[in-house]
Structure formats: C-alpha cells, structure tokens
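I have placed the structure first, in the form of structure tokens, so that the comments after it can refer back to it.
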Amino acid sequence: PELVLLDDMMPEMTGMQIVETLRKDGDITETSIVILTASSHGENVMRAIAAGAVDYITKPFDPQAMAAKVRALLKRMGHTVLIADDDASIRDLLAARFRSAGLRTLEAK
C-alpha cells in the first residue's frame with residue numbers, strides 16, 4: 001500500500017515494532033506510515049518519527065482532519081490505505097471515511 005495507518009498499542013506487536021520492521025524491508029521504503037494512538041508521550045512521538053513514520057496522531061482525532069491529512073499524503077485519489085488497529089470501531093470509522101473519499105481500504109487487526 002501507499003499508506004499504512006496503525007495503532008502503536010496493539011496486543012502482539014507494537015506499532016513502533018511494525019514501523020521498524022517495515023522500514024527494514026527494502027521493497028516498501030516509499031510507503032508512508034502514520035501512527036494513530038492514544039499515547040502522546042514525546043519520547044514515543046520522537047521514536048516513531050525516527051523509525052520512519054511520517055506522522056503521529058493521537059486519539060481522539062477529528063475524522064475529517066484525518067482524511068485531509070491522508071489526502072495530502074497521497075496527493076491523488078485511487079490509492080490503497082492499510083488501516084491497522086486492534087479496535088474494530090476505529091477501523092470501521094477510518095475505512096468509511098477513506099472509502100467515501102474515493103480510497104480503497106484494507107484492514108488488519
């Protein structure tokens with residue numbers, strides 16, 4: 001996908017670990033990664049950015065502002081957004097917003 005949205009606080013692997021793992025894979029170095037989480041600790045933000053995330057968004061968030069950020073990242077419609085979050089309601093909310101904006105979504109829990 002062109003964009004990966006993921007929560008940092010997931011049960012088996014943290015978002016930070018996912019970012020670090022994805023960045024080691026040379027095939028997806030151009031993928032934009034955004035961390036969406038409840039944690040606003042400065043050290044977590046810095047670690048995410050250092051690991052290669054392009055943005056770090058804390059919950060609660062404004063869905064319209066989130067969609068605008070994603071559109072700005074993708075710069076054109078028709079792309080695929082991977083939404084990774086352990087909360088089904090967050091995945092559903094984001095997926096609905098992105099689909100209404102013309103984006104294809106994939107979801108992972």
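Just the heavy atoms: all of them, side chains too, but no hydrogens, waters or symmetry mates, feed the values below. These numbers were taken from a predicted model, which means no experiment stands behind them.
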(request) With rounding to the nearest 0.5 Å, note down the distance linking CG in Asp87 to CE in Met9. (result) 13.5 Å
(message) Please determine whether the number of non-hydrogen atoms from other residues, nucleotides or ligands lying under 6.0 Å from atom CE of Met46 exceeds 12.
(response) no
(message) Show the nearest heavy-atom pair for residues Gln17 and Thr14, with the distance to one decimal.
(response) OE1-N, 2.8 Å
(message) Within this structure, what is the CG-CD1 distance for the pair Leu93 and Ile83, rounded to the nearest 0.5 Å?
(response) 9.0 Å
(message) When you compare the side chain of Asp8 with that of Leu36, does any pair of heavy atoms fall below 4.5 Å?
(response) no
(request) Apply the test side chain to side chain contact (heavy atoms under 4.5 Å, CB included) to residues Tyr56 and Val34: give CA-CA distance (whole Å), side-chain angles for both, the deciding distance (0.1 Å), then the verdict. (result) CA-CA 6 Å; Tyr56 189 97; Val34 176; over 6 Å; no
(message) A side-chain contact here means heavy atoms from C-beta on lying under 4.5 Å apart; do Ile33 and Leu6 qualify?
(response) yes
(request) Output yes when Asp86 and Arg91 qualify as a salt bridge under the 4.0 Å nitrogen-oxygen rule, no when they do not. (result) no
(message) As an exercise, state the distance from CG of Leu94 to CZ of Phe61, rounded to the nearest 0.5 Å.
(response) 4.0 Å
(message) Ignoring hydrogens, what is the shortest heavy-atom contact between Glu107 and Ala95? Give both atom names and the distance.
(response) OE2-CB, 3.2 Å
(message) Leu106 vs Val81, test: side chain to side chain contact (heavy atoms under 4.5 Å, CB included). Steps then yes/no.
(response) CA-CA 6 Å; Leu106 299 173; Val81 177; over 6 Å; no
(message) Between Leu82 and Thr80, does the side chain to side chain contact (heavy atoms under 4.5 Å, CB included) criterion hold? Intermediate values first, please.
(response) CA-CA 7 Å; Leu82 172 62; Thr80 300; 5.9 Å; no
(request) State, to 0.1 Å, how close Val19 and Ala53 come at their nearest heavy-atom pair, and which atoms those are. (result) CG1-N, 4.0 Å
(message) To the nearest 0.5 Å, what is the distance between CG on Leu5 and CG on Asp55?
(response) 9.5 Å
(request) Enter the distance from Thr58:OG1 to Ile35:CD1 here, rounded to the nearest 0.5 Å. (result) 12.5 Å
(message) One thing to verify: whether Lys109 and Asp85 come together as a salt bridge, which I'm taking to mean a side-chain N less than 4.0 angstrom from a carboxylate O.
(response) no
